[in-house]
Every structure is written in structure tokens, then in C-alpha cells.
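Structure first, then comments.
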2 protein chains.
Amino acid sequence: MTQSLNLLQTAAFLQGAEDILILTHANPDGDTLGSGFALLRGLRSMAKRVRLFCPDEIPPKFSFMADGIKYADYEPKTIIAVDLADAKLLAHAQADFPIIHLCIDHHGAGKPYAENAFVDPTAAAAAELIYDLLREINAPITPSIADCLYTGISTDTGCFRYSNTTARTLRIAAKLMEYGARAAELNRRYFETKRKTYFSLERMALENLHVHERGRYAVTALTRAMYDECGASEDEAEQIAAIPRQVEGVLVGATLKEKKSGGFKVSLRSYAPVDASAIARRLGGGGHARAAGCTIDTPLLEDAQATLLAAVKDELGALECKAG
Amino acid sequence: MTQSLNLLQTAAFLQGAEDILILTHANPDGDTLGSGFALLRGLRSMAKRVRLFCPDEIPPKFSFMADGIKYADYEPKTIIAVDLADAKLLAHAQADFPIIHLCIDHHGAGKPYAENAFVDPTAAAAAELIYDLLREINAPITPSIADCLYTGISTDTGCFRYSNTTARTLRIAAKLMEYGARAAELNRRYFETKRKTYFSLERMALENLHVHERGRYAVTALTRAMYDECGASEDEAEQIAAIPRQVEGVLVGATLKEKKSGGFKVSLRSYAPVDASAIARRLGGGGHARAAGCTIDTPLLEDAQATLLAAVKDELGALECKAG
């Protein structure tokens with residue numbers, strides 16, 4: 001049974017906590033790492049022992065967040081998860097943490113897993129909540145904490161571009177710049193820098209970009225042969241997934257990514273009124289309304305594309321019926 | 001002789017102005033149009049007669065700013081230029097306006113041309129200054145004014161991504177969202193929507209993308225044949241110009257665009273310590289430190305590329321000497 005806490009209760013919880021272990025989700029992004037390291041640095045400034053555990057390796061562009069942090073060896077008394085919508089997002093490490101004392105998150109859905117939870121789905125990023133908490137417990141917002149929190153906010157909002165961005169988001173970012181966040185330098189790293197191999201992969205993705213359903217559906221595909229030819233890594237394919245939806249007039253964009261093990265991972269992006277998660281569910285997947293995913297386990301790209309197209313047709317058709 | 005005004009003096013000037021004509025620069029962008037139409041709507045709410053003149057056609061994505069505006073016919077008594085760094089940026093219309101009574105701008109350089117000038121180079125966009133002025137004269141910030149001002153700020157900062165973004169920029173944007181700016185919808189239009197023809201042009205640009213000078217210089221080219229093949233327009237090439245600098249490690253990015261009349265327009269983008277305008281000046285062009293341009297009038301792409309590479313080599317070499 002999860003106890004839900006408000007800001008003040010969560011601040012009190014943090015002030016009382018000792019020998020803390022912070023957990024981030026697997027396949028870590030800027031928000032889970034920015035929130036985790038900002039919380040770690042803030043709590044350490046209050047003379048607490050704090051460690052952070054990330055189930056996967058930290059991507060090089062975020063590794064600066066851990067600079068200068070040494071981990072003392074102790075048995076954690078308080079385990080806090082940040083930006084972790086569901087315990088299964090701890091992946092291989094889930095079994096290692098049967099008890100999580102506090103969850104700090106901005107995701108609405110997800111199965112409750114912690115003894116206590118401070119969840120605010122109106123926050124664009126978990127980093128917004130960490131900012132409020134650090135202010136509440138009077139932890140100094142150092143330049144390095146500001147960098148971590150700014151990273152969480154800018155990466156989760158596409159640099160304030162997406163609909164989750166609120167006036168509050170912009171005001172917190174303004175404060176973080178005043179606290180010393182290197183906004184321009186961080187944004188350049190996150191949004192304006194790509195490997196040469198990425199551009200080769202994008203060129204191939206654009207060669208495979210096709211528009212169907214009277215301009216409402218765009219799809220592209222990345223095959224193992226393409227990865228091999230340009231030497232790009234699969235994580236570089238993440239950015240490709242945004243492209244099909246960017247075609248003017250498109251309501252659903254899809255990217256098929258051939259798995260090493262065969263079959264295809266499908267990334268879906270949509271604009272209202274199309275629900276990407278509804279399309280994903282038709283194929284045994286799931287996700288959010290604007291971003292969802294599924295897997296199609298057929299060896300041939302043509303078959304996978306046909307299966308996906310059928311599901312998209314069904315969903316667009318169902319919408320038209322609703323619209324009458 | 002230009003009289004420079006502060007915020008209060010400019011507000012007083014606006015309150016006393018009658019029968020106003022607002023000028024934007026040619027080849028209009030989101031800031032000159034957003035500033036112009038916001039000022040027009042604000043001054044009209046104070047029962048003044050105001051018209052706006054743009055030397056070129058307003059791009060479709062910005063045309064909503066003019067919705068519902070009708071122009072009365074009168075002889076302008078007060079001519080105000082917004083976001084106009086230099087009178088020659090009125091292009092073909094420059095001769096029509098020998099007298100400009102007030103300039104409101106955020107560009108530092110540029111030859112003074114107006115009788116009075118309110119210039120603040122610390123502002124990320126002229127729209128920041130228009131916001132301050134409208135607040136100062138107590139003009140109501142309507143949702144449509146908020147849309148115009150938000151457009152000016154988001155388009156001039158790459159959606160808060162670039163180094164001109166300040167805490168003040170973010171706070172004004174927060175206010176504009178509260179005043180009803182449709183931030184997510186506008187950002188989707190400006191940053192997340194591209195024509196299919198653009199993607200074809202980008203694919204060709206990526207095919208031509210090459211990196212030189214031990215990874216510090218990246219260059220691509222767009223030929224007339226490419227425009228013809230994909231049916232893209234030259235204004236779609238603007239976004240291409242950002243790509244070469246995005247290659248990891250690159251300090252200078254260049255895009256050669258073949259002109260209808262023959263020869264090539266060159267767009268240069270750089271990161272510190274490389275000064276793009278210094279490279280442009282070596283070829284008779286100019287611009288800003290991070291973004292500059294020039295023209296190379298040789299019919300053959302190979303020759304133009306060689307000329308440009310030589311100028312880049314010279315500039316990088318000069319830098320290394322300075323660095324010792």
C-alpha cells in the first residue's frame with residue numbers, strides 16, 4: 001500500500017532520511033540522471049551519506065553529472081527512486097530492490113511500487129520536483145546541481161518545445177540559469193551535436209521515408225544492414241524516430257528498427273486526435289498517447305510494414321467512424 | 001543624428017505617437033513580424049491608427065499574425081522600424097522611407113538610421129523589448145499578442161536553445177504562456193513540421209556532407225539540380241545551413257547554395273573560438289561571430305568549394321598561430 005506525500009511531507013521525509021540510495025531507471029535519460037544526481041548532491045550538502053545506482057551504463061554526454069562524486073560503503077537505510085514510473089523499469093536490477101521507501105516522479109500511470117510516493121503529473125520533468133524539494137529543505141542550488149536539474153528539464157521537454165512545458169517549467173529554468181546552469185553549452189551538447197555516423201543513418205532513414213493514408217501516415221525503417229554500413233549504434237536510432245511525424249500533415253509517424261535477434265521494434269509518434277498507444281496495443285505493445293511502441297516478430301521488413309500499415313489503417317478508420 | 005531612448009522614454013514616445021506605420025525587415029522572420037504585429041495590436045488597443053509594412057511576402061506559417069487586421073488609409077505621421085538592424089534591410093523599399101522616427105531593436109551592430117532608437121543588445125529578440133514596452137504603456141497582452149511575442153522569442157532563440165537565451169527570456173516566455181500564447185502548437189509549427197520536399201533536400205545535403213581539417217570543418221552543397229529534383233524551395237535550404245556545424249567536433253560548418261543566376265551563396269556557422277564573420281570577410285562577406293555569409297561567383301561547385309576551403313584553412317591557421 002503506497003502512501004502518497006505532498007511537497008512538505010516529502011521534504012520532511014528527506015530531512016529525516018539517513019544512509020540513502022537513489023535509484024534511476026534503466027536505459028537512463030537526462031531527467032532520471034539529472035534528478036538523481038541533483039538530489040544526491042543536495043542531500044550530501046546536508047551531511048548525509050548518499051549513493052546513486054543506475055541499472056545501465058551512464059551515457060557519455062551525461063557522465064559529467066557524476067564528476068567528483070565518491071561512494072562510501074554502507075548498508076542503505078533509505079531507498080529513493082527518481083523518475084521511475086514502474087519498478088520493472090529497473091530492468092535486471094528489479095529483484096535487488098524488493099523495498100523502495102520513496103518514489104519521486106512526474107509520470108501519471110505506472111503501478112505503485114514504493115512505500116511512499118511524491119508524484120506530480122503536471123511537472124514536465126522529475127527535475128522540477130527535485131528543484132522544489134531542494135528549495136524546501138534549504139539545500140544550496142550549486143552550479144553543478146543547476147546543471148543536473150536544467151538537463152532533466154531541457155531533455156524531457158525537447159528544450160521547452162513540447163506540450164508538457166508550462167510557465168512553471170520556464171520559471172524554474174530561469175532560476176537554474178541564475179544559479180549557474182550552463183544552458184547554452186548543455187543544449188548544444190544535447191540538441192545540436194550529432195555523430196557523423198548519425199547523419200549517415202539519417203540519410204538512409206530519409207531514403208526509406210514513405211507517406212501513406214492520404215498524407216496522414218509516414219513510416220521509415222532501419223535495418224541491420226544500414227547500421228553495419230554506416231557504423232551507427234542503435235541508440236542513435238532514437239532521434240530518427242521523431243522524423244516521420246515531422247512531415248507536414250502527418251498524424252502518425254512510425255520507425256521500424258530491425259533487432260539483432262531478428263524481427264522489428266516499432267517506435268510510434270502521433271498528433272491528436274490519433275492515439276499512438278492505441279495503435280501499439282493493436283500489435284501487443286503500449287505507451288503514451290503521443291509516443292508508443294511495439295514489436296513485430298516477422299523476419300521480412302515488407303511483412304512487418306504491412307502488419308503495421310494494417311493496424312494504422314484500422315485505427316485511422318476507427319477515428320473516422322467516431323468523427324462520424 | 002540618432003537620439004537613443006530608454007524604456008520609459010520609448011514608452012512615452014509611443015503614447016504620444018499618432019497615425020503610425022510599422023516597418024519590418026525584408027525576408028521577414030518570426031521576430032520582426034511577431035514584434036511588428038504585437039506592437040500594432042497593442043497600439044490599436046489604445047485607439048491609435050496603425051499599419052504594418054513588410055517589404056516581402058509574409059511566410060504562410062506567420063500569416064496568422066495578421067488575421068482580422070484591416071488597414072485604414074491615412075498618411076503616416078510616425079514611422080517605427082522593429083528588429084531592423086540596418087535601413088538597407090528594407091531592401092527594395094529602403095528609398096520609400098527616407099525618414100524613420102523610431103527604431104526598436106536588439107541588434108548590436110548596424111548603421112544608425114532612425115531619429116530615435118531603443119536598442120538593447122542583451123535582449124534575445126526584439127519581441128522582449130516590445131513586451132516590456134506594452135507592459136509599460138499598460139496595453140493589454142491579449143492571447144493573439146502573446147502568440148506574436150512568443151513567436152519572436154522562440155524563433156530567435158531556436159526555442160530557448162541558443163546562447164542568446166537569458167533568464168529574462170524564459171521569464172517573459174512564461175508570462176506569455178499565462179497570457180494565452182499557444183506555445184506547444186506554435187513550436188510544433190516552427191520546429192517540428194517540415195515539408196516532404198525538405199526531407200528530400202536534406203537527404204541530398206547529407207549525401208554531400210563532408211568533413212575536413214581533422215574534423216573541424218564540415219561542408220555541404222545544394223545545387224539547382226537538387227532543388228529541381230526534389231521540388232524544394234530555396235527558403236527550405238535555410239534549415240539545412242545548421243546541419244554541418246552539428247557534426248560532433250566541428251567548429252565551422254558551411255553550406256554552399258547555388259544561385260539561380262549562377263555562383264554560390266555560402267552560409268557559415270561556427271563555434272568559439274572560430275569567428276564565422278572573419279571567414280566571410282576573407283571572401284567579401286560578413287555577419288556575426290557564430291553565423292555569417294558570403295557569395296562566391298564561380299560557375300563550378302568544385303572551384304567554389306576550393307575557394308571556401310582555402311579561406312577556412314587560413315582562418316583556422318591564423319587561430320592556431322594566435323593560440324601559439
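Chain naming here is simple, since letters A, B, ... match the order of the sequence lines and numbering starts at 1 in each.
Residue with the most contacts toward chain A among B:Ile243, B:Leu206, B:Val211: B:Leu206 (heavy-atom pairs, distance under 4.5 Å). Considering only heavy-atom pairs separated by less than 4.5 Å from chain B, the leading option among A:Ser154, A:Cys159, A:Ala218, A:Ser200 is A:Cys159. The greatest number of non-hydrogen atom pairs below 4.5 Å with chain A, out of B:Arg188, B:Met177, B:Glu185, B:Lys175, is found for B:Arg188. Among the candidates B:Asn187, B:Thr166, B:Leu170, the residue making the largest number of heavy-atom pairs closer than 4.5 Å to chain A is B:Leu170. Per-residue heavy-atom pair counts under 4.5 Å with chain B were compared for A:Lys196, A:Glu178, A:Glu192, and the maximum is reached by A:Glu192. Among B:Tyr271, B:Phe160, B:Tyr198, the residue with the largest count of heavy-atom pairs under 4.5 Å with chain A is B:Tyr271.
In this model, no donor atom of one side chain and acceptor atom of the other lie less than 3.5 Å apart for A:Thr193 and B:Gln246. Judged by distance alone, the side chains of A:Asn164 and A:His106 never bring a donor and an acceptor atom under 3.5 Å apart.
With a 4.5 angstrom heavy-atom cutoff, A:Leu176 does not touch chain B via any of its atoms.
B:Ser35 contributes a side-chain N or O that, together with a main-chain N or O of B:Ala127, makes up a donor-acceptor pair within less than 3.5 Å.
Across all their heavy atoms, A:Gly42 and A:Leu134 have their closest contact at CA-CD2, 3.9 Å.
The ring-ring contact (aromatic ring centres under 6.0 Å, His included) pairs that include a residue from residues 162-194 of chain A are A:Phe62-A:Tyr190, where partners are two or more places apart or lie in different chains. Among residue pairs with one or both ends in residues 205-240 of chain B, those qualifying as ring-ring contact (aromatic ring centres under 6.0 Å, His included) are B:His212-B:Tyr217; sequence neighbours excluded.
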